[in-house]
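Every number for a ligand or one of its atoms is a count from 1 in the order of the listing. If you're wondering where the values come from, they're calculated on a predicted model, not measured in any experiment.
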Amino acid sequence: MNERIKIAIQKSGRLTEHSTTLLQKCGLIISHTKDQLIGYGENMPFDIMFVRDDDIPGLIQENLCEIGIVGANVAIEKQLSYESSQLPSHFVLESSLDFGHCKLSFAYPETSSIRSVNDLEGKTIATSYPFTVKNYFAENQINANVTEFSGAVELAPSLGKAEVICDLVSSGNTLKAHNLVLGETILESVATVVKSNSNQSAFKKMWIDKIIERINGVLQVNESKYIMMHAPKDAINEITTLLPGTESPTVIPLDGITDTVAVHVVCKETVFWETLEELKEVGASSILVVPVEKMLM
Ligand code: ATP
Ligand code: ZN
């Protein structure tokens with residue numbers, strides 16, 4: 001029984017490099033030439049499918065793969081499209097990653113009088129995310145028409161196809177170039193691990209859980225630091241509250257000194273200079289901040 005788990009990632013685009021690096025950081029060695037659509041996991045039972053990002057949720061839905069890395073924008077749109085046809089979705093959004101940040105926002109032509117969602121009643125909105133936009137209108141009791149555009153959504157107003165657009169933005173430059181003004185954001189998106197919630201064999205389930213645990217470990221490591229310092233014994237509580245995301249510190253006695261100890265902590269959030277200065281103010285000295293390479297909680 002040679003069971004293998006399939007992970008779908010974007011073949012070529014904004015998410016590709018980060019997705020491959022993430023899987024490599026999880027210890028997966030992938031053999032893959034540029035033209036192959038499937039990469040082979042040499043040291044673990046995983047195959048990597050390189051596909052268009054829009055196809056990833058559907059592949060999981062159809063049980064053709066078990067895990068995908070895709071923008072939350074794409075996964076949520078797909079879930080809402082199934083919901084609108086009363087179909088259950090067979091996947092869940094599992095872990096938010098630290099790349100692929102973008103926003104799904106309205107944009108209004110500079111020349112129009114529309115300046116907020118309150119002006120959208122009866123208007124036509126062009127978008128590549130019709131279900132997400134319709135869902136937003138339903139939740140906010142706005143009666144507006146949604147027309148689907150699969151690309152170049154920014155052109156819709158000048159082509160007379162819509163009065164407003166709702167599209168992905170990361171910088172406002174494209175909008176500016178099309179004489180559009182940024183409006184309200186309806187979804188903040190980030191690349192996300194999407195996981196099948198269909199029944200799996202115990203073998204597959206074990207490996208799916210393992211890779212997700214490693215992905216979560218990599219995410220924590222990206223921010224985490226190991227901090228060492230000398231500190232007065234009675235300042236330990238203050239030190240722990242100053243350091244975000246820490247568990248109980250390790251406190252080590254110093255040879256021949258009674259009122260000062262060595263304190264070691266793993267800090268799971270970004271450590272800023274300001275924090276180090278505050279530590280110094282409560283009596284810490286010889287503060288060392290070192291990166292963490294791997295973490296398994
Ligand atoms: P494909 O050929 O795979 O369909 P694409 O053109 O749809 O590619 P990309 O432009 O590579 O895809 O975007 C992939 C994902 O990256 C988006 O779905 C979104 O989650 C994220 N993203 C981050 N920033 C932006 C941005 N400024 N514009 C569009 N997408 C962005
Ligand atoms: Zn796409």
Minimum non-hydrogen distance to [atom], winning option of [options]:
| atom | options | value |
| --- | --- | --- |
| atom 8 (O) of ligand 1 | R52, E77, Q10 | Q10 |
| atom 21 (C) of ligand 1 | S12, G71, C102 | C102 |
| atom 15 (C) of ligand 1 | V51, N73, L104, D53 | D53 |

**Prompt:** Hey, which N, O or S atom on D53 ends up closest to the Zn ion (ligand 2)?
**Reply:**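 The D53 atom nearest to the Zn ion (ligand 2), restricting to N, O or S, is OD1.
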Closest N/O/S atom of D54 to the Zn ion (ligand 2), by atom name?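 In D54, the heteroatom (N, O or S) nearest the Zn ion (ligand 2) is OD1.
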For H32 and F50, take the angle between the two ring planes, folded into 0 to 90°, and tell me which bin it lands in: parallel under 30, tilted 30 to 60, perpendicular over 60.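 Parallel: the ring planes of H32 and F50 meet at under 30°.
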With under 30° as parallel and over 60° as perpendicular, where do the rings of H18 and F99 fit, or are they tilted in between?
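Ring orientation, 0 to 90° scale: parallel.
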Atom pair CD1 (I215) and CD (E94), whose distance is rounded to the nearest 0.5 Å =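 Result: 9.0 Å between the selected atoms.
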Distance (rounded to the nearest 0.5 Å) between L23 CG and I29 CD1: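 Those atoms lie 12.5 Å apart.
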| Against heavy atoms of G13, which atoms of ligand 1 measure under 4.0 Å? |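 Atoms satisfying the 4.0 Å criterion: 11 (O).
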I need the atoms of ligand 1 closer than 4.0 Å to a non-hydrogen atom of L15, numbered in the order shown.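 Counting from 1, the qualifying ligand atoms are 15 (C), 16 (O).
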inquiry  = Hydrophobic clustering (ILVMFWY, side-chain heavy atoms < 4.5 Å, transitive) - are M228 and L254 grouped together?
reply    =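 In one cluster: no.
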| request: Ignoring angles and geometry beyond distance, decide whether Y129 reaches within less than 3.5 Å of ligand 1 through its nitrogen or oxygen atoms. | output: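 Checking ligand 1 against Y129, no N or O pair falls under 3.5 Å apart.
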Residue portion contacting ligand 1 (non-hydrogen atoms closer than 4.0 Å) for V74:
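Under 4.0 Å from ligand 1, V74 contributes side-chain atoms alone.
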Exercise. Using a cut-off of 6.0 Å, state whether more than 12 heavy atoms not belonging to E17 lie near its atom CD.
Key: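 No, CD of E17 has 12 or fewer neighbouring heavy atoms, counting only those of other groups under 6.0 Å.
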Does H101 come within less than 4.0 Å of ligand 1, judged by its heavy atoms?
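In this structure, H101 qualifies as a contact of ligand 1 - some heavy atom is under 4.0 Å.
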Using a 6.0 Å distance limit plus a 45 degree cone around the ring axis, check whether K134 lies over the aromatic ring of F137.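 Here K134 fails the 6.0 Å and 45° test against F137.
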